[in-house]
Amino acid sequence: MKIKAKLYASLQEYLPPNAVKQEAIIEVPDGATPSRIILQLGVPKEHCHLVLVNGLFVTPEDRDTQALEDGDTIAMWPPVAGG
């Protein structure tokens, strides 16, 4: 199945070469989870602070079990600091 992956800030470097404007369509196995996508893209797990699927927050506890569906969009951000 295919999903859209959007990676922001320092995570952009993990997008595949066909990425445009911080996003790419990627092929993933049926029933893939956010954790599987993080692993597939080679993003260090600790660098994924905020994960959204179709605009909804996925808690770190649910990233191993929430199954994605064909056409879903996953977006990820690293931890952000500032003041």
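Count residues from 1 along the sequence.
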Does any pair with a residue in residues 12-33 pass ring pair (Phe, Tyr, Trp, His ring centres under 6.0 Å), and if so which ones, sequence neighbours excluded?
none
Each residue besides W77 in its hydrophobic cluster should be listed here, by chain and number; the cluster joins Ile, Leu, Val, Met, Phe, Trp and Tyr at side-chain heavy-atom distances under 4.5 Å.
Y8, L50, L52, F57
Determine whether Q40 and P29 make a side-chain contact, defined as any pair of heavy atoms from C-beta on separated by less than 4.5 Å.
yes
Can you tell me how far OG1 of T73 sits from CG of L56, rounded to the nearest 0.5 angstrom?
11.5 Å
When rounded to the nearest 0.5 angstrom, what is the spacing between NZ in K21 and CG in L15?
14.5 Å
Looking only at heavy atoms, what is the nearest atom pair of C48 and R63, with distance?
O-NH1, 3.0 Å
Starting at CD of E23, measure out to CD1 of I74 and round the result to the nearest 0.5 Å.
13.5 Å
Please report the shortest heavy-atom distance between K2 and D70, naming the atom on each side.
N-OD1, 2.8 Å
Spatial distance of atom CD1 (I37) from atom CD1 (I3) [nearest 0.5 Å]:
4.0 Å
Is there a side-chain contact between V28 and L68 (heavy atoms, below 4.5 Å)?
no
Write down the atom of P78, the atom of L11, and the distance for their closest heavy-atom approach.
N-CD1, 3.6 Å
Distance only, no hydrogens: is a donor on one side chain within 3.5 Å (strictly under) of an acceptor on the other, for D64 and S35?
yes
Could you pull out the closest heavy-atom pair between N18 and A24, with the gap in Å?
OD1-CB, 3.9 Å
Roughly how far apart are M1 CE and E27 CD, rounded to 0.5 Å?
9.0 Å
Closest contact, heavy atoms only, M76 versus V51
CG-CG2, 3.9 Å
Please indicate whether E69 has more than 12 foreign heavy atoms, meaning atoms of other residues, nucleotides or ligands, lying under 6.0 Å from its CD.
no
